[in-house]
2 protein chains.
Amino acid sequence: MGEENVKKKNALVPEPALRRMPCYLAYLKLEHRKGSQYVSSTLIARDNGVDPTQVTKDLSYTGISGKTRVGYEVEPLIDALEDFLGFRVMDEAYLFGAGSLGTALLHDHGLVQYGLKIVGAFDVNPLVIGHSIGGISIAHIDEFVKNKDHGIKIGILTTPVANAREVANMMVANGIKAIWNFTPVRITSPEGVVVQNTSLYAHLAVMFNRLNAAGSDDSVAPAKK
Amino acid sequence: MGEENVKKKNALVPEPALRRMPCYLAYLKLEHRKGSQYVSSTLIARDNGVDPTQVTKDLSYTGISGKTRVGYEVEPLIDALEDFLGFRVMDEAYLFGAGSLGTALLHDHGLVQYGLKIVGAFDVNPLVIGHSIGGISIAHIDEFVKNKDHGIKIGILTTPVANAREVANMMVANGIKAIWNFTPVRITSPEGVVVQNTSLYAHLAVMFNRLNAAGSDDSVAPAKK
DNA sequence: TGATATTAAGGAATTGTTTCTTTAATCAAA
DNA sequence: TTTGATTAAAGAAACAATTCCTTAATATCA
Ligand SMILES: NC(=O)c1ccc[n+]([C@@H]2O[C@H](COP(=O)([O-])OP(=O)(O)OC[C@H]3O[C@@H](n4cnc5c(N)ncnc54)[C@H](O)[C@@H]3O)[C@@H](O)[C@H]2O)c1
Ligand SMILES: NC(=O)c1ccc[n+]([C@@H]2O[C@H](COP(=O)([O-])OP(=O)(O)OC[C@H]3O[C@@H](n4cnc5c(N)ncnc54)[C@H](O)[C@@H]3O)[C@@H](O)[C@H]2O)c1
């Protein structure tokens with residue numbers, strides 16, 4: 001079965017589905033290491049606390065299909081997921097704001113496995129400029145503006161809240177097409193530019209709320225049954 | 001102010017709404033510093049790229065209400081949001097896995113402003129045990145298990161994927177009530193325990209997908225109009 | 001003082017996502 | 001070969017979230 005495979009890959013995959021996929025991937029890699037050749041959606045669902053039909057729906061976006069009564073072949077599924085999620089082509093990125101969070105990301109070697117390689121970092125603080133963190137040297141942000149032909153499409157935003165918007169605009173003005181925004185400031189995407197907001201504080205807020213709800217109200221059901 | 005304040009705080013606030021609130025908060029703090037006394041939902045909406053009615057709906061969960069034709073009083077709204085989000089009571093947390101990501105979080109001084117204080121860290125690597133990162137000393141994980149009366153409810157999970165589940169179970173077995181999970185492994189919440197999954201790779205996946213969709217398909221609309 | 005425009009808030013309609021149900025396929029065992 | 005159990009996949013229904021629409025209030029300005 002293959003010809004009728006719909007090509008709506010980039011039509012409009014639901015964001016919740018996209019967010020679940022890396023979790024399936026991590027799970028499948030663990031199963032692969034354990035020696036599993038096939039994994040059924042039922043099993044994936046049970047081990048990850050989601051609905052079995054949701055697993056199949058999510059996985060169907062990758063274009064791969066499972067075998068009835070057997071499940072999915074682990075290796076091709078890992079390949080398909082990594083392919084679909086864009087983890088196999090290495091995207092290069094610049095980082096803006098080499099403070100505590102930025103330093104952490106520069107130190108991280110995990111991101112490369114997921115298709116992101118930080119190839120440069122910029123700051124305005126003389127104390128960090130010229131130094132090298134995790135093998136990436138920090139330059140003054142003017143150096144970024146000067147070099148128009150960098151060819152880098154992705155910018156990671158980890159500056160203080162106060163100038164996040166300003167730096168974001170500057171990034172866009174100099175060719176950045178996707179902003180991975182770690183500040184709690186919601187960047188308004190300037191036309192055709194992708195903004196991915198990743199505020200840790202947002203997650204903190206959700207966690208506190210659920211924790212308080214669980215403690216003070218007996219009738220509160222857990223997020224997933 | 002207070003008596004008429006509805007007590008349905010922990011009824012069931014939608015997660016998307018909770019996630020937007022810290023962003024409003026950051027915005028309001030900036031406005032406050034600029035000297036604004038009142039801010040309307042219209043303005044918040046425009047500056048943050050969301051729908052005005054969504055702003056009012058989101059803010060209504062805090063119990064505060066705005067003035068017709070004027071908007072919201074900035075200071076009380078900041079207070080109400082911080083209160084509602086649990087950023088004003090300081091919660092103490094332990095961190096498990098002082099690797100590159102864990103180190104970053106230990107270095108972070110921003111979290112304290114949002115009500116989270118890391119008061120201890122555990123690892124199994126002899127190279128890091130005994131050392132101090134960001135003022136927090138790293139102990140062997142056995143020390144955590146030994147001390148049952150820690151009184152800490154929140155655990156931050158930043159171990160490798162391979163033993164994330166195992167460490168999570170151990171956390172729960174020793175009194176942890178909320179797990180802030182940074183690994184891509186989806187932890188199945190063991191009954192009454194809150195799990196907040198914060199996988200950076202999930203966000204990366206969404207960003208790559210949107211970036212590729214924007215590049216290869218002309219008809220794709222931006223996430224928000 | 002009165003008209004007008006702006007705003008918050010509540011409810012209705014829409015949209016998107018998840019869950020449920022059914023169907024078809026096929027592996028394993030009798 | 002036949003039966004039964006398990007699974008993926010596709011469509012329907014249910015649910016949740018967002019957007020739209022209406023109403024009521026009130027500052028501003030004529
Ligand atoms: N630290 C965390 O764990 C954490 C967690 C969640 C969110 N955040 C957010 O991430 C952002 C960064 O946090 P942080 O703790 O790393 O702050 P930080 O102050 O340690 O780092 C900010 C860095 O940005 C640099 N910078 C300032 N202006 C700049 C400019 N115009 N161009 C380039 N660089 C500039 C500063 O010199 C500094 O090195 C903040 O918005 C914070 O709210 C941080
Ligand atoms: N580094 C990043 O930027 C990044 C980004 C996204 C997600 N993650 C995820 O976060 C997790 C940690 O990433 P990392 O890059 O910090 O890895 P890392 O290997 O640098 O750190 C993991 C740490 O956990 C410790 N550890 C191992 N087993 C342990 C146990 N049983 N109990 C306590 N500690 C134990 C290790 O000694 C090590 O210090 C991984 O699951 C990774 O996928 C990391």
Side-chain angles (χ1 to χ4, degrees), chain A residues 1-6 8 11-21 23-24 36-74 76-77 80 186 202 206 221-225, chain B residues 4-6 8 11-21 23-24 36-74 76-77 80 186 202 206 209-210 220-225:
Chain A
M1 65 172 92
E3 264 62 337
E4 79 284 15
N5 178 8
V6 277
K8 59 174 180 178
L12 194 58
V13 181
E15 196 170 315
L18 283 172
R19 278 205 296 256
R20 281 187 295 267
M21 287 186 194
C23 135
Y24 300 145
S36 310
Q37 266 203 314
Y38 287 90
V39 178
S40 73
S41 65
T42 324
L43 191 64
I44 300 177
R46 194 175 53 223
D47 284 348
N48 292 277
V50 293
D51 194 87
T53 60
Q54 186 157 72
V55 173
T56 57
K57 268 216 170 62
D58 289 346
L59 295 181
S60 75
Y61 288 114
T62 65
I64 218 162
S65 57
K67 277 186 197 159
T68 302
R69 180 67 216 236
V70 175
Y72 298 88
E73 213 179 332
V74 174
L77 185 53
R186 192 175 268 244
V206 176
K224 296 280 172 192
K225 184 177 43 163
Chain B
E4 78 287 12
N5 179 7
V6 276
K8 60 171 180 177
L12 194 58
V13 182
E15 197 170 315
L18 283 172
R19 278 205 295 257
R20 283 187 295 267
M21 289 186 193
C23 136
Y24 300 145
S36 310
Q37 267 202 313
Y38 287 91
V39 178
S40 74
S41 66
T42 325
L43 191 65
I44 300 176
R46 194 175 52 223
D47 285 348
N48 292 278
V50 293
D51 195 86
T53 60
Q54 187 158 71
V55 173
T56 58
K57 271 216 168 62
D58 289 346
L59 295 182
S60 75
Y61 288 113
T62 65
I64 219 163
S65 58
K67 278 186 195 158
T68 302
R69 181 69 215 236
V70 175
Y72 298 87
E73 213 179 331
V74 174
L77 185 53
R186 191 175 269 244
V206 175
N209 183 271
R210 301 317 187 204
V220 170
K224 296 279 171 191
K225 184 178 46 168

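Residue numbers start from 1 in every chain, and the chains themselves are labelled A, B, ... in the order their sequence lines are given, proteins ahead of strands. Just so you know, these numbers come straight off a predicted model, no measurement behind them.
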Please report, rounded to the nearest Å, how far the C1' atom of C:dA9 is from the CD1 atom of B:Ile44.
15 Å

Find the distance A:Arg20:CZ to C:dT19:P and express it as a whole number of Å.
8 Å

Per-nucleotide protein contact string for nucleotides 25-30 of chain C, where B marks a base within reach and S marks sugar-phosphate only (heavy atoms under 4.0 Å, - for neither)
BBB---

For B:Asn48 and A:Arg186 the tightest heavy-atom approach is O-CD, 2.8 Å

Less than 4.5 Å apart, any side-chain heavy atom of A:Ile64 and any of A:Glu73?
no

Take atom CG of B:Leu59 and atom P of C:dT7, then tell me their distance rounded to the nearest Å.
15 Å

Please state how far atom CG in A:Asp58 lies from atom C1' in C:dT18, giving the value in whole angstrom units.
10 Å

Whole angstrom is fine here: how far is it from OH in B:Tyr38 over to P in D:dA25?
19 Å

Is there a side-chain contact between B:Tyr72 and the phosphate of C:dA9, meaning an N or O under 4.0 Å from OP1 or OP2?
yes

Looking only at side-chain atoms of A:Gln54, point me to the closest of C:dT18, C:dC20, C:dT7.
C:dT18

Could you give the CE-to-P distance, from B:Met21 to D:dA17, as a whole number of Å?
12 Å

Roughly how many Å is it from CD in A:Glu15 to C1' in D:dA16, rounded to a whole number?
16 Å

Nucleotide C:dA9, atom P - distance to OH of B:Tyr61 in whole Å:
13 Å

Partners passing side chain to side chain contact (heavy atoms under 4.5 Å, CB included) against B:Ala17 (at least two apart in sequence or in another chain):
B:Val13, B:Pro14, B:Arg20, B:Asp58, B:Tyr61

Out of C:dT7, C:dT17, D:dA8, minimum distance to the side chain of A:Pro14 belongs to C:dT17

Here the salt bridge (charged side-chain N to carboxylate O under 4.0 Å, His left out) pairs for residues 45-55 of chain B, sequence neighbours left out, are none

Sequence neighbours left out, what passes side-chain hydrogen bond (donor to acceptor under 3.5 Å, both in side chains) with B:Thr68? Give chain and number order.
none

Does A:Gln37 have any side chain to side chain contact (heavy atoms under 4.5 Å, CB included) partners at least two apart in sequence or in another chain, and if so, which?
none

Which protein N or O atoms sit under 3.5 Å from an N or O of nucleotides 1-3 of chain D?
none

Set of side-chain hydrogen bond (donor to acceptor under 3.5 Å, both in side chains) partners for B:Ser36, sequence neighbours left out
B:Glu31

So do the side chains of A:Tyr72 and A:Thr56 get within less than 4.5 Å of each other, counting heavy atoms only?
yes

Out of D:dC20, D:dA17, D:dG11, which has the shortest distance to the side chain of A:Lys57?
D:dG11

Please classify the nucleic acid contact of B:Thr53 as base, sugar-phosphate, or nothing, using heavy-atom distances under 4.0 Å.
base

Evaluate the side-chain proximity of A:Ile44 to A:Leu59: yes if any heavy-atom separation is below 4.5 Å, no if none is.
yes

Are A:Arg19 and C:dT17 close enough that a side-chain N or O sits under 4.0 Å from OP1 or OP2?
no

Test of understanding: with side chain to side chain contact (heavy atoms under 4.5 Å, CB included), list the residues that count as partners of A:Lys67, not counting sequence neighbours.
A:Tyr38, A:Val70

B:Arg46 side chain N/O closer than 4.0 Å to the phosphate oxygens (OP1, OP2) of C:dT7?
no

